[in-house]
Each structure stands twice: as structure tokens, then as C-alpha cells.
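One structure is given here, and the rest of the page talks about it.
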Amino acid sequence: MQQKSAIYLIFVYLIKNKMSIAVETAPAPVTFTEGAVKELFKLKDQQEIGDDFGLRVGVEGGGCSGMNYVLGFDQKKDGDQEFMIDGIKVYMHKAHGLYLAGMLIDFQDGLNARGFTFNNPNAASTCGCGTSFSV
């Protein structure tokens with residue numbers, strides 16, 4: 001109870017003295033195309049995914065080129081950063097930002113291809129499967 005009182009007093013002091021509290025917000029490391037956003041909302045609705053879940057974007061070892069992209073709904077875990085991107089709650093482990101910074105995620109719905117695609121400026125090489133890369 002004393003801790004809450006101390007926080008309240010600090011808050012009142014800051015307001016009375018017209019001081020502000022700086023809040024750091026990191027820029028989102030990835031972006032989505034309009035098509036990807038539509039598909040993600042559609043999937044969330046179809047699968048009845050609750051608000052306690054967010055979209056996990058990350059990497060894992062494996063695949064043809066050494067690393068695979070991770071994209072799926074999940075709950076927040078230790079070490080995750082949380083971003084709000086185009087109305088979508090996104091979770092990403094802090095260490096994965098190095099590999100994914102600046103990446104554009106799209107959704108293709110054509111005759112030749114259907115699914116999410118990843119345009120990653122950090123990838124030195126990619127595989128024909130579209131989900132594997134190396135740095």
C-alpha cells in the first residue's frame with residue numbers, strides 16, 4: 001500500500017510542476033502490406049483468437065538457407081518486445097530484431113502463389129521456398 005501511495009505522490013508532484021515522464025517507444029522492426037493486414041485480421045477472426053494473443057514474428061534455425069521465418073499467433077513470452085503495427089499486436093523476441101529490421105511482410109493471393117512473403121533487406125541469400133534465408 002505504501003508503494004502505491006509513493007507512486008501517486010510522485011505523479012501528483014509531476015502534474016503540479018508541469019513535468020512530464022518520458023516514455024520510450026521503439027519503432028516497429030517490420031511492416032505489413034495492406035494485403036497482409038487484411039489476411040491477418042481474417043485469420044484471427046476465423047480461428048477465434050483471443051486478445052491475449054498477438055502475432056509472433058521471428059526466426060528459428062533450420063531450412064534450406066540456415067534460418068526460417070516464424071509467423072503465427074502466440075502469447076507473450078519472456079524476452080519479447082511488443083509492438084502495435086496497423087492494429088495488430090506483434091510479439092518479437094529482442095534478439096530477432098537484428099535479423100528482421102526493415103522487413104516487409106506481404107500476402108499473395110494469386111494463381112502462381114498464395115501465402116505470406118517476406119522481403120528482408122538483411123538476408124544475404126534466400127531459398128526458393130520463400131521462408132528460408134541466411135545473413
Side-chain angles (χ1 to χ4, degrees):
M1 185 67 174
Q2 288 178 340
Q3 185 178 12
K4 286 182 182 179
S5 297
I7 292 171
Y8 176 76
L9 291 174
I10 291 169
F11 185 68
V12 169
Y13 173 81
L14 292 172
I15 291 173
K16 284 184 178 179
N17 292 292
K18 298 180 181 174
M19 299 174 80
S20 62
I21 301 171
V23 177
E24 269 189 62
T25 56
V30 300
T31 55
F32 301 113
T33 64
E34 186 178 328
V37 171
K38 283 182 183 178
E39 186 66 17
L40 289 166
F41 278 121
K42 181 178 159 185
L43 289 171
K44 188 174 180 191
D45 287 342
Q46 286 176 344
Q47 297 177 13
E48 299 178 358
I49 296 171
D51 290 336
D52 55 332
F53 283 75
L55 181 69
R56 177 162 305 282
V57 179
V59 296
E60 65 184 5
C64 320
S65 297
M67 300 184 93
N68 281 324
Y69 295 112
V70 173
L71 185 70
F73 292 99
D74 195 5
Q75 292 183 313
K76 191 170 184 178
K77 298 177 182 173
D78 287 340
D80 281 347
Q81 291 179 301
E82 183 176 331
F83 304 94
M84 188 61 75
I85 306 172
D86 296 325
I88 299 169
K89 186 177 1 177
V90 175
Y91 299 140
M92 180 185 292
H93 192 278
K94 292 176 185 178
H96 296 185
L98 173 71
Y99 302 107
L100 303 177
M103 183 170 72
L104 175 67
I105 299 174
D106 190 14
F107 182 77
Q108 299 291 317
D109 191 15
L111 295 175
N112 294 331
R114 178 170 165 72
F116 289 97
T117 61
F118 307 91
N119 184 351
N120 186 348
N122 305 300
S125 65
T126 59
C127 179
C129 68
T131 62
S132 182
F133 72 103
S134 67
V135 287

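One is the number of the first residue; the rest follow in order along the sequence. These numbers come from the heavy atoms of this one structure, side chains and all, not from hydrogens, waters or symmetry mates.
Across all non-hydrogen atoms, the minimal contact from Pro121 to Gly102 is CD-O, 3.5 Å.
Scanning for side-chain hydrogen bond (donor to acceptor under 3.5 Å, both in side chains) contacts around Lys77 gives Asp74, with sequence neighbours left out. Residues passing the salt bridge (Lys or Arg N to Asp or Glu O under 4.0 Å) test with Asp52, sequence neighbours excluded: none. Applying the side chain to side chain contact (heavy atoms under 4.5 Å, CB included) rule to Phe41 yields the partners Val37, Ile88; only residues at least two apart in sequence or on another chain are considered. For Phe107, the ring pair (Phe, Tyr, Trp, His ring centres under 6.0 Å) partners at least two apart in sequence or on another chain are Phe116. Partners of Asp51 according to the salt bridge (Lys or Arg N to Asp or Glu O under 4.0 Å) rule, which considers only residues two or more places apart in sequence or in another chain, are Lys44. Applying the side chain to side chain contact (heavy atoms under 4.5 Å, CB included) rule to Gln46 yields the partners Lys42, Leu43; only residues at least two apart in sequence or on another chain are considered. For Asp106, the side-chain hydrogen bond (donor to acceptor under 3.5 Å, both in side chains) partners two or more places apart in sequence, or in a different chain, are Thr33, Gln108. Scanning for salt bridge (Lys or Arg N to Asp or Glu O under 4.0 Å) contacts around Glu60 gives an empty result, with sequence neighbours left out.
Pairs of residues two or more places apart, or lying in two chains, that qualify as salt bridge (Lys or Arg N to Asp or Glu O under 4.0 Å) and include a residue from residues 81-101 are Lys76-Glu82. Residue pairs meeting the salt bridge (Lys or Arg N to Asp or Glu O under 4.0 Å) criterion with at least one partner in residues 107-124, sequence neighbours excluded, are Asp109-Arg114.
Interatomic distance, Tyr99 OH to Met67 CE, rounded to the nearest 0.5 Å: 4.5 Å. Within the model, atoms OH of Tyr69 and CG of Leu100 stand 7.0 Å from one another, a figure rounded to the nearest 0.5 Å. Distance CG/Leu55 to CD1/Ile105: 7.0 Å, rounded to 0.5 Å.
Hydrophobic cluster membership is shared by Val59 and Leu98, with clusters built from Ile, Leu, Val, Met, Phe, Trp and Tyr side chains linked at under 4.5 angstrom. One hydrophobic cluster holds both Leu40 and Ile49 under the rule that ILVMFWY side chains link at heavy-atom gaps under 4.5 Å. In this structure, Tyr91 is not a member of the same hydrophobic cluster as Val57, with clusters built from ILVMFWY side-chain heavy atoms closer than 4.5 Å. Val90 and Val70 fall into different hydrophobic clusters, where Ile, Leu, Val, Met, Phe, Trp and Tyr side chains are chained together by heavy-atom contacts under 4.5 Å.
Side-chain contact between Leu71 and Phe118 is present, with heavy atoms from C-beta onward closer than 4.5 Å.
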